[in-house]
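These numbers were taken from a predicted model, which means no experiment stands behind them. Heavy atoms only: backbone and side chains are in, while hydrogens, waters and symmetry mates are out. Count residues from 1 along the sequence. Atoms within each ligand, like the ligands themselves, are counted from 1 in listed order.
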Amino acid sequence: MSEIEFQRAMGLHQSGQLHEAEEIYRKLITLNPKYEPALSKLGNVLLGLGRTQEAVQILAQAHDLKPSNTETLSSLGSSHAQLGNMEMGLAFVRKAVDGDSMNVNARFLLANLLLHAGQQEDALEAFYQTLEINPKIAEAHYNVGSILYSNGKIDDSVHAFIRAVEHSPDLVAAHSNLGHIYANRGDYEQARVSLEKALKLDANHGLAHKNMGMVLHTTGDLNQALNHYHKAMKILGNDVEVHVLLGNLHRDRSELDLAKKQYELALDLDPKNEIAKLNLKKMSASRIAAWHFDMLADGSRNDAYDSALKAAVQKGDTVLDIGTGSGLLAMMAVRAGASKVTACELVPVLADVAIKVVKDNGLEHQINVIQKKSNALVIGEDMPEKADVLVSEILDTAIVGEGVIPSLRHALQNLVKPGAKVIPAGADFRAVLIETKEHHRVHPVRDISGFDLSAFNVFRTEDVYQRIQLNLLAHTKLSEIFPMKSYDFASLPPVTPDTDPEVVEMKVSINKSGMVNGVVFWFNLRMNEKLTLSTGPDGEMVHWGQAAYMFKEPKMVTAGETFVLQVWYSDTLIRFRI
Ligand SMILES: C[S@@+](CC[C@H](N)C(=O)[O-])C[C@H]1O[C@@H](n2cnc3c(N)ncnc32)[C@H](O)[C@@H]1O
C-alpha cells in the first residue's frame with residue numbers, strides 16, 4: 001500500500017506538483033518515521049519549494065538512515081550551499097560523486113557549486129566530466145564557454161556556446177555571448193544574427209541590446225544603435241558601460257553636450273572609469289583649437305604682453321580683456337596693478353576653464369570672467385564702468401581673421417573711456433612675393449606624384465590664406481620684403497564689409513626673375529611706442545607663423561620689372577589679385 005502511495009508521490013514530484021507530493025511523503029513518514037526513501041524525496045521537495053532549513057533537517061534524518069544515498073547527499077550539498085556553507089555543500093556533493101561516478105546530476109551539481117565557489121579550473125574539469133556522461137546538457141556547455149571566455153580562450157568558448165545552442169536553441173545568454181564575441185572579432189554580420197536570435201527569444205535581454213547597440217554603432221547605423229542603448233539602459237538600470245557607450249555614440253553624432261553628460265553620469269557611478277575620463281578629456285581637448293597650446297608656449301608673445309601691461313596699467317586702473325582664453329592677460333593686468341579686470345570669452349568651455357584658472361590663482365575677487373562676446377557686454381550690467389585699459393590678443397596669422405577690427409571698434413565706442421590705453425597699439429603688415437613649387441602643386445591641387453588629384457579640390461577653400469612656416473617651405477623670394485597696411489588699434493578704419501573691400505593697388509619691385517606663385521605675409525606687433533615684435537620668418541614671436549596666399553594663375557616675372565599687386569582689405573578678410 002505504502003509502495004503504491006510512494007510511487008504516486010514520485011509521479012507528482014516529477015511533474016512539479018510539489019505541494020501534493022509533500023503531503024503524501026509526509027503521510028508515509030508519519031506511518032513509518034524511518035521510511036528513508038520518503039525522507040530523502042521530501043527533503044528534495046522542500047529544497048524545490050525554497051524551504052531550505054526544513055530540507056536540511058529532513059535530509060539529515062534520511063542521511064543517518066542511509067549515508068550512501070547519492071540523491072540525499074546531493075540534496076544536502078545543495079541545501080548547505082544555499083545556506084551559505086559552501087564547504088560543507090561541496091563535501092556532501094563530492095561524497096555523492098564518489099559513491100556513484102556515473103551520476104550525471106551529482107557531477108553537474110558539483111561543477112555548478114565549484115563555479116559558484118570561484119574554483120574555475122575544478123569547475124571546468126567537472127563540467128567536462130558531466131558532458132562525458134551526457135553531452136547534451138546545454139547549460140554545461142554554456143558554463144564551459146563562460147569559463148573558457150574568462151580564461152581568454154575565445155575560440156574554444158565559441159565552440160562551447162555553439163554546442164550549447166545546438167542542444168538548447170532557446171538559450172538566450174549563449175546567443176548573446178556569441179554575438180558579443182563575433183562583434184569583438186569584427187564579424188558584425190554573424191554578431192547581428194546571434195543578437196537578433198537572442199532578442200527574438202527575449203526582447204528584454206539588456207546585454208543583447210547593449211551588444212546590438214555596439215554592433216550597429218560600429219557599422220554606422222547610429223539611430224538604431226541609440227535605440228538599443230536606450231533599451232539596454234532601461235533594462236540594466238544605471239549601467240556605467242552603457243553610459244560610456246552612449247557618450248561615444250552622441251560624440252559620433254556630434255551631440256557633444258549629450259556626450260559630455262553621459263560620460264559624467266558614468267563617472268558619477270564609477271569615478272575611476274578610465275575610458276569615461278579619457279573620452280571626456282579628449283572631447284574637451286578637441287573643442288579647443290590646438291593652437292592655444294602653441295600660443296601659450298610662445299614666450300616672446302607672453303613677455304611682450306606682460307611688459308606692455310606693466311607699462312600701461314596705473315595702480316587702481318580698470319581693465320577690459322577681450323578674448324581672455326585661459327585668463328592669462330587678465331591675470332597679468334592684475335599683477336601690473338589693475339584693481340578690477342573684466343575678462344570676456346565667447347567660447348563657453350574656455351570661459352569655464354578661465355574661471356577655474358583665475359580661482360586657482362586666487363584672483364577671483366579682482367577678475368570677473370564673463371562668457372560673452374565683447375560686443376554683447378553692457379556697461380552697468382557686465383562692467384560697473386568703462387575701462388581705463390583695453391587689452392586683447394584676438395589676432396590670427398593675418399591679423400584680421402579673428403575679428404579684431406570689429407571687436408575693437410565696438411569696444412572703443414562702448415566699453416572703454418575716451419583716451420583709454422590700448423594694448424597692443426597696432427600692427428603693420430610685411431610681405432614678400434615668392435616662387436614655390438611645393439605649394440603651387442596644391443593651389444589648386446593638380447598632379448601629385450604622377451596622379452591626377454584635382455577632384456580633391458572640393459576640400460580646398462578658394463581665396464584664403466594658409467598658415468605656413470616660410471623657413472620650412474622650399475621657395476625663392478622674388479621681391480624685397482615690402483610693407484602693406486598698418487593698423488592703429490586705438491583708431492580704426494571705418495566699417496569695411498567683405499562684400500565691399502578697400503582695394504589697394506601696390507607696385508612691387510621684382511629683384512629676381514622667376515614665377516610668382518604667391519605672396520607670404522606677416523606682421524609686426526606694436527605693443528606700445530617702445531616695443532615692437534615680429535611674427536615674420538626671423539621674428540621673435542613664433543607661434544603665429546606666416547600667411548601664404550597662393551595665386552591660381554602664377555605669373556612669370558623678370559628682375560627689374562614692377563609687379564602690380566591688388567590687396568583687398570575688409571574687416572575680417574584679406575585677399576589678393578594680380
Ligand atoms: C588668441 S586667443 C588669446 C587668449 C588669451 N587672451 C591669451 O592671450 O593667451 C583669443 C581668444 O579670444 C576669444 N575671442 C575672440 N574674439 C572675441 C570677442 N570679440 N569676445 C570674446 N572673446 C573673443 C577666442 O574665443 C579665443 O579664445
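- Distance from atom 22 (N) of ligand 1 to its nearest protein heavy atom, with residue and atom name: Leu346 N, 3.2 Å.
- Considering backbone and side-chain N/O of Ser374, one or more are found under 3.5 Å from N/O of ligand 1.
- The minimum heavy-atom distance linking Gln224 with Leu216 is given by the pair CB-CD1, 3.7 Å.
- Between Lys210 and Asp239 there is a salt bridge, since a side-chain N of the basic residue sits under 4.0 Å from a carboxylate O of the acidic one.
- Between Arg301 and Glu540 there is no salt bridge, since no side-chain nitrogen of the basic residue lies less than 4.0 Å from a carboxylate oxygen of the acidic one.
- Compare Met332, Arg301, Lys372 by their heavy atoms: the one nearest to atom 9 (O) of ligand 1 is in Arg301.
- Using 4.0 Å as the threshold, His292 has a heavy atom nearer than that to some atom of ligand 1.
- Less than 4.0 angstrom separates some heavy atom of Val347 from each of these atoms of ligand 1: 25 (O).
- Counting the atoms of ligand 1 from 1 in the order shown, those under 4.0 Å from a heavy atom of Ser407 are 19 (N).
- Ligand 1 places these atoms under 4.0 Å from at least one heavy atom of Leu350: 27 (O).
- Between the side chain of Asn457 and the main chain of Ser454, a donor-acceptor pair closer than 3.5 Å is present.
- The closest approach between Trp291 and ligand 1 falls below 4.0 Å for a heavy atom of the residue.
- We find that Asp396 and Arg467 are not joined by a salt bridge, their nearest charged nitrogen and carboxylate oxygen being 4.0 Å or further apart.
- Any N or O atom pair closer than 3.5 Å counts here, and Met295 shares no such pair with ligand 1.
- Of the protein's non-hydrogen atoms, the one nearest atom 6 (N) of ligand 1 is Gly323 O, 2.7 Å.
- Between the Asp270 side chain and the Leu267 main chain, no donor and acceptor come within less than 3.5 Å of each other.
- Short contacts between ligand 1 and Ile322, defined as distances under 4.0 Å to a heavy atom of the residue, involve ligand atoms 18 (C), 19 (N), 20 (N).
- Of the protein's non-hydrogen atoms, the one nearest atom 27 (O) of ligand 1 is Glu345 OE1, 2.8 Å.
- The nearest protein atom to atom 5 (C) of ligand 1, hydrogens excluded, is given as Thr324 O, 3.3 Å; this is a heavy-atom distance.
- In this structure, atom 16 (N) of ligand 1 lies nearest to the protein heavy atom Ile394 CG2, 3.6 Å.
- Although no hydrogens or angles enter the test, the distance criterion places no donor-acceptor pair under 3.5 Å between the side chain of Ser392 and the main chain of Asp321.
- Using a 4.0 Å cut-off to heavy atoms of Leu329, the atoms of ligand 1 that qualify are 6 (N), 8 (O).
- Applying the 4.0 Å criterion to heavy atoms of Lys373 picks out, from ligand 1, the atoms 18 (C), 19 (N), 20 (N), 21 (C).
- Taking the six-membered ring for Trp and thresholds of 30 and 60 degrees, Phe521 and Phe429 have ring planes more than 60 degrees apart, a perpendicular arrangement.
- Both the sub-6.0 Å distance and the 45° axial angle are satisfied by Lys485 relative to the ring of Tyr569.
- Salt-bridge formation is not detected for the pair Lys421/Asp388: no Lys NZ or Arg NE/NH1/NH2 atom is positioned less than 4.0 Å from an Asp or Glu carboxylate oxygen.
- Closest to atom 3 (C) of ligand 1, if we only count protein heavy atoms, is Glu393 O, 3.3 Å.
- Within the 4.5 Å cutoff, the side chain of Arg192 has heavy atoms near those of the Thr219 side chain.
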